[in-house]
A.B. asks: 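Here's a structure for you.
Atoms considered below: every heavy atom in the structure, side chains included; atoms not considered: hydrogens, waters and symmetry mates.
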Amino acid sequence: AGTPYVAPFTGKVVKIYKETDENIKKNKGAGHFIEMKMDGAPLYAKFCHLQNFPANMYNARITRGVKMNAKVGNTGGSTGPHNHFELNYKIQTGSYKNQYIHLDASKFQEAANKFNGTTAEFVKSKEFSNYLETIKNDYQKKIVNNEVNKEQGRKLKDRIKRIKNVQEQLKKEGKWK
């Protein structure tokens, strides 16, 4: 606990959330968290269960690779201090408008590192759509092979729909290179 997070990309802090007894259920146990939006792309990073952070982080500009004034903690529904970092791609069109698809942070970074360009360019590329296709296929395989229960299967089907929506959005906007 207490280790500072390092910014995964350049962007701005768009949400800060200090957990209180009144709003624990609202964010499903995320505890204290901040959310950061990437410059030039609808990609958001959420850092959960933070030990603490200053209130003046809201609207702060943060550069990729810089240690942030937010530290790993154990707030919310956490069973112990851990690095809870999420990446979410905001869907901008269709029936899922203003919703997110959750991206595995380590797999996303691995795919982005193989791309010859910035992370913002990656999330607008054909390679990003291919990365989403891999995730979608993994979800479909789990459903077909009965590796998940009924509720998990329902959630995976919803995620598959969201991924298809993002792929259609990228194609329609001509953002594939």
A.B. asks: Calculate, to the nearest 0.5 Å, the distance between atoms OH and CZ belonging to Tyr139 and Arg162 respectively.
C.D. replies: 10.5 Å
A.B. asks: Once rounded to the nearest 0.5 Å, what's the spacing between atom OG1 of Thr118 and atom CE of Met38?
C.D. replies: 7.5 Å
A.B. asks: Considering non-hydrogen atoms only, spot the tightest contact between Pro8 and Phe85 and give its length.
C.D. replies: CG-CZ, 3.6 Å
A.B. asks: Show the nearest heavy-atom pair for residues Asp39 and Arg61, with the distance to one decimal.
C.D. replies: OD2-NH2, 2.5 Å
A.B. asks: Identify the heavy atoms of Ile160 and Ile143 that sit nearest to each other, and give their distance.
C.D. replies: CD1-CD1, 4.1 Å
A.B. asks: What about Phe33 and Phe47, are their ring centers closer than 6.0 Å?
C.D. replies: no
A.B. asks: Would you say Ile135 and Ile101 make side-chain contact, with heavy atoms under 4.5 Å?
C.D. replies: no
A.B. asks: If every non-hydrogen atom of Ala70 is compared with every non-hydrogen atom of Leu50, which pair is closest and at what distance?
C.D. replies: CB-CD1, 4.0 Å
A.B. asks: Can you name the nearest heavy-atom pair linking Val123 to Ala41, along with the distance?
C.D. replies: CG2-CB, 3.1 Å
A.B. asks: Between Leu132 and Val166, is there a side-chain heavy-atom distance shorter than 4.5 Å?
C.D. replies: yes
A.B. asks: Answer yes or no: is there an ion pair linking Asp158 with Arg154, defined by an N-O contact shorter than 4.0 Å?
C.D. replies: no
A.B. asks: Are His32 and His49 close enough that their ring centres sit under 6.0 Å apart?
C.D. replies: no
A.B. asks: To the nearest 0.5 Å, tell me how far Lys164 NZ sits from Gln167 CD.
C.D. replies: 9.0 Å
A.B. asks: Flag the pair Glu127 / Ser129 as yes when at least one side-chain heavy-atom distance between them is below 4.5 Å, and no otherwise.
C.D. replies: no
A.B. asks: Could you grab the distance from atom CE of Met57 to atom CD1 of Ile16, nearest 0.5 Å is fine?
C.D. replies: 8.5 Å
A.B. asks: Would you please test Lys142 and Asp138 for salt bridge (Lys or Arg N to Asp or Glu O under 4.0 Å) and show each step?
C.D. replies: CA-CA 6 Å; Lys142 286 181 180 185; Asp138 288 346; over 6 Å; no
A.B. asks: Is the number of heavy atoms from other residues, nucleotides or ligands under 6.0 Å of Lys161 NZ greater than 12?
C.D. replies: no
A.B. asks: What I'd like to find out is whether the side chain of Glu86 reaches to under 4.5 Å of the side chain of Cys48, using heavy atoms alone.
C.D. replies: yes
A.B. asks: Take Glu110 and Lys107 through the test salt bridge (Lys or Arg N to Asp or Glu O under 4.0 Å) and record every step on the way to the result.
C.D. replies: CA-CA 5 Å; Glu110 183 180 312; Lys107 289 181 182 176; over 6 Å; no
A.B. asks: Determine, stepwise, if the pair Met68 / Val13 fulfils side chain to side chain contact (heavy atoms under 4.5 Å, CB included).
C.D. replies: CA-CA 11 Å; Met68 301 187 325; Val13 175; 5.9 Å; no
A.B. asks: Looking only at heavy atoms, what is the nearest atom pair of Asn59 and Lys12, with distance?
C.D. replies: OD1-CE, 3.3 Å
A.B. asks: Out of curiosity, Lys141 NZ to Leu156 CG, how far, rounded to the nearest 0.5 Å?
C.D. replies: 13.5 Å
A.B. asks: Can you tell me if Asn145 has over 12 outside heavy atoms packed within less than 6.0 Å of its CG?
C.D. replies: yes
A.B. asks: Do the side chains of Lys46 and Leu87 get nearer than 4.5 Å, heavy atoms only?
C.D. replies: no
A.B. asks: Is any side-chain heavy atom of Tyr44 less than 4.5 Å from a side-chain heavy atom of Lys90?
C.D. replies: yes
A.B. asks: When you measure from the side chain of Asn149 to the backbone of Glu151, do you find a donor-acceptor pair of N or O atoms at a distance under 3.5 Å?
C.D. replies: yes
A.B. asks: Between atom CD1 of Ile62 and atom OG1 of Thr10, what is the distance when rounded to the nearest 0.5 Å?
C.D. replies: 9.5 Å
A.B. asks: Check the hydrophobic clustering (I, L, V, M, F, W, Y; side-chain heavy atoms under 4.5 Å; chains of links allowed) and say if Tyr58 and Ile34 are grouped together.
C.D. replies: yes
A.B. asks: Taking the side chain as every heavy atom from C-beta outward, state whether Phe9 and Met36 have any atom pair closer than 4.5 Å.
C.D. replies: yes
A.B. asks: Testing Phe108, Tyr100, Phe128, Phe122 one by one against Tyr89 for a ring pair (Phe, Tyr, Trp, His ring centres under 6.0 Å), which residue passes?
C.D. replies: Phe128
A.B. asks: Are the side chains of Gln152 and Lys155 in contact, using a 4.5 Å heavy-atom criterion?
C.D. replies: no
